[in-house]
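What follows is a set of notes on a single structure, which appears directly below.
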Amino acid sequence: MAQPLLFWLPVMIQQSDSMDVILEKPSGLSRRSKILIGAAVVLILSLIPLWPALQRWSRADQSVDLARLRTATVTRGDLERDVAADGRIVAANHPRLYSPAEGTVALRVRAGQTVIKGQALATIESPELESQLAQERSRLQSLESELGRARISARQQNVGNDQTAELRRVRLEAARRELQRAEKLRSEGLLNEVEHERAKDAVRLAEVELEQSRQGSRLQREALDFEVTDSSRQVERQRLVVSELERRVRELAVVAPFDGQVATVDVDDRQAVSANAPLLTVVDLSTYEVEIRIPEAYADEMVPGTRVEIDYAGRKFPGTLTAVSPEVRESQVEGTVAFGDRPPEGLRQNQRVSVRLVLDRRANVLKVPRGPFLESGGGRKVYVLEDGLATLQDIRTGAMSVGEVEILEGLAEGDQILLTDTQQFQGAESVLVRQ
């Protein structure tokens with residue numbers, strides 16, 4: 001049975017050739033090919049607009065979202081080089097009053113109280129100073145009495161000397177008359193030569209005594225005048241001592257130097273204080289100024305007359321730098337700013353304000369806002385944003401203000417830059433910025 005089956009199988013396969021039909025290949029592309037080609041063309045056309053973005057993406061070292069970045073546009077305009085500083089409002093006239101002597105203080109006012117000029121603020125009880133004044137007054141009276149006695153004694157001496165001189169003048173005249181009589185008697189032969197010479201000697205003796213009396217009177221008068229003058233100077237000196245003590249006693253009553261307000265009280269009532277101890281501070285409420293602290297790096301550029309802008313309660317007020325301290329403390333220099341116009345209402349002592357000092361003004365310069373890029377890049381590099389790709393570029397900066405920076409080289413007007421800290425990109429030459 002197996003052999004017949006094997007015999008007929010080839011016969012059956014050979015006979016199937018008569019059933020095959022030869023098909024001819026159609027000319028042109030098939031429908032499937034056309035569909036594939038069309039899809040490829042559409043894909044290519046859709047990728048053409050994205051080609052620049054693909055190129056940028058291929059060149060970018062990093063990528064970041066635009067929402068995480070701060071950008072700015074390079075503009076042209078005027079730039080004011082300025083410095084920001086913190087200040088506090090102080091009264092232009094705010095002296096601190098000190099104890100004039102050692103003693104016990106009796107307060108008459110409290111902190112915050114309004115006072116008028118000449119009003120008693122405190123009194124220093126100083127028994128030692130008052131006792132010293134009484135002693136010096138007594139000494140002055142003693143010296144004045146001595147001066148009076150010296151003047152009386154000088155007048156008495158002068159009168160006595162004048163009387164002595166006058167008596168000797170009379171004696172001289174009498175001696176001269178005696179000489180005239182002697183000469184007349186001698187000419188008549190009634191007087192010898194000895195008596196005549198004796199009369200001459202009496203005249204010469206009287207002349208010498210009168211001259212000595214006059215010289216002695218002048219010298220004694222000068223000596224008496226000197227003693228009186230010296231006593232007068234001692235009295236005058238003592239009067240100055242008493243006057244100074246009286247002034248110090250008057251100053252024991254501490255009074256207000258002007259209309260104002262008691263700002264602080266440094267002592268308690270009935271407290272013992274030493275000389276020159278601080279008592280209280282009085283402020284003049286009519287005139288205010290601003291005390292500021294300027295960074296040491298700008299101290300050389302700060303000169304009296306520098307224009308200042310004071311920010312108070314959201315408003316800008318003009319001012320002028322009036323004084324700069326020559327001393328540096330904690331890398332800062334203290335300065336004083338006066339309001340240019342009338343100070344704003346409602347100012348209070350030690351109130352904080354912001355101050356902007358204008359050092360220079362430059363016209364028509366390229367500038368950008370200040371940002372972290374300035375510190376991180378040292379003002380020499382910045383990322384320029386163009387078509388979604390931020391490229392690191394070298395720049396050179398110039399003058400700087402509180403809010404803006406002058407661009408000298410590396411950027412053009414209209415360029416868009418990243419203000420963000422450049423250190424986060426780790427020195428990448430280009431960064432892809434995703435929208």
Side-chain angles (χ1 to χ4, degrees), residues 86-137 239-293 304 312 319-327 329-330 332-339 342-353:
D86 294 329
R88 65 185 183 95
I89 300 295
V90 296
N93 194 8
H94 55 286
R96 171 171 285 183
L97 305 182
Y98 296 85
S99 172
E102 182 179 355
T104 303
V105 60
L107 294 177
R108 301 286 186 266
V109 292
R110 299 183 302 274
Q113 182 175 338
T114 301
V115 295
I116 61 175
K117 183 178 180 179
Q119 178 179 344
L121 306 179
T123 302
I124 307 298
E125 299 175 0
S126 178
E128 180 181 357
L129 186 60
E130 293 176 354
S131 175
Q132 185 179 359
L133 174 59
Q135 293 175 10
E136 296 298 337
R137 281 176 174 172
R239 283 175 180 169
L240 293 176
V241 172
V242 172
S243 177
E244 174 64 17
L245 287 173
E246 289 175 344
R247 181 190 65 80
R248 292 178 60 186
V249 170
R250 287 194 303 269
E251 289 181 350
L252 293 178
V254 182
V255 299
F258 45 74
D259 296 345
Q261 185 180 44
V262 179
T264 59
V265 177
D266 302 312
V267 295
D268 298 327
D269 190 25
R270 309 307 301 176
Q271 177 181 337
V273 295
S274 61
N276 300 319
L279 299 178
L280 43 81
T281 302
V282 182
V283 297
D284 185 357
L285 301 179
S286 61
T287 306
Y288 284 98
E289 59 187 14
V290 183
E291 286 187 354
I292 61 174
R293 297 180 67 87
Y312 171 76
T320 305
L321 185 66
T322 57
V324 180
S325 172
E327 183 180 3
R329 293 183 179 179
E330 298 178 357
Q332 291 184 324
V333 176
E334 293 184 356
T336 303
V337 174
F339 284 91
R342 184 176 180 181
E345 299 292 337
L347 292 179
R348 293 184 179 274
Q349 183 83 349
N350 293 324
Q351 192 171 10
R352 296 291 177 178
V353 294

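Start at 1 with the first residue, then count along the sequence. Worth saying up front: this structure is predicted, and the values here are computed from it rather than measured. No hydrogens, no waters, no symmetry mates; every other heavy atom, side chains included, goes into these values.
- Taking Asp284 as the reference, Ser286 meet the side-chain hydrogen bond (donor to acceptor under 3.5 Å, both in side chains) condition, with sequence neighbours excluded.
- For the residue pair Ala120 and Val255, the shortest heavy atom distance occurs at CA-CG1, 4.1 Å.
- Across every non-hydrogen atom of Val324 and Leu321, the tightest pair is CG2-CD2, 3.5 Å.
- At a threshold of 4.5 Å between non-hydrogen side-chain atoms, the residues Pro100 and Ile124 count as touching.
- Val283 and Ala91 get closest at one heavy-atom pair: CB-CB, 3.7 Å.
- The list of salt bridge (Lys or Arg N to Asp or Glu O under 4.0 Å) pairs with a residue in residues 251-264, not counting sequence neighbours, reads Arg247-Glu251.
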I'd like a table of donor-acceptor pairs (distance under 3.5 Å, sequence neighbours excluded) in which one partner is a side-chain atom from residues 130-137, with atom names and distances.
| from | atom 1 | to | atom 2 | distance (Å) |
| --- | --- | --- | --- | --- |
| Glu136 | OE1 | Gln238 | NE2 | 2.4 |
| Arg137 | NE | Glu246 | OE2 | 3.3 |
| Arg137 | NH2 | Glu246 | OE2 | 3.0 |

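- With sequence neighbours left out, the side-chain hydrogen bond (donor to acceptor under 3.5 Å, both in side chains) criterion links Arg329 to Glu327.
- For Arg293, the side-chain hydrogen bond (donor to acceptor under 3.5 Å, both in side chains) test picks out Gln332, Glu334, with sequence neighbours left out.
- Listed by chain and residue number, nothing satisfies the side-chain contact (heavy atoms from CB on, under 4.5 Å) test with Ser243 (two or more places apart in sequence, or in another chain).
- Taking CG of Leu245 as the reference point, atom CG of Leu240 lies at 11.0 Å (rounded to 0.5 Å).
- Pairs engaging residues 270-279 under the salt bridge (Lys or Arg N to Asp or Glu O under 4.0 Å) rule: Glu125-Arg270 [sequence neighbours left out].
- Between the OG1 atom of Thr123 and the CG atom of Leu107 there is a distance of 9.0 Å, given to the nearest 0.5 Å.
- Looking at residues two or more places apart in sequence or on another chain, you find a side-chain contact (heavy atoms from CB on, under 4.5 Å) between Pro344 and Tyr312, Phe317, Phe339, Leu347.
- Gly87 approaches Val290 most closely through the heavy-atom pair CA-CG1, 4.0 Å.
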Tell me which donor-acceptor pairs under 3.5 Å the side chains of residues 271-280 have, and how far apart each pair is, sequence neighbours excluded?
| from | atom 1 | to | atom 2 | distance (Å) |
| --- | --- | --- | --- | --- |
| Gln271 | OE1 | Asp268 | N | 2.8 |

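- Residues in residues 88-110 take part in these salt bridge (Lys or Arg N to Asp or Glu O under 4.0 Å) pairs, two or more places apart or across chains: Arg88-Glu291, Arg96-Asp266.
- Just one of Asn93, Val337, Val90 meets the side chain to side chain contact (heavy atoms under 4.5 Å, CB included) condition when paired with Glu289; it is Val90.
- The side-chain hydrogen bond (donor to acceptor under 3.5 Å, both in side chains) test applied to Thr264 returns Thr281, not counting sequence neighbours.
- For Ala256, the side-chain contact (heavy atoms from CB on, under 4.5 Å) partners two or more places apart in sequence, or in a different chain, are Val115, Leu121.
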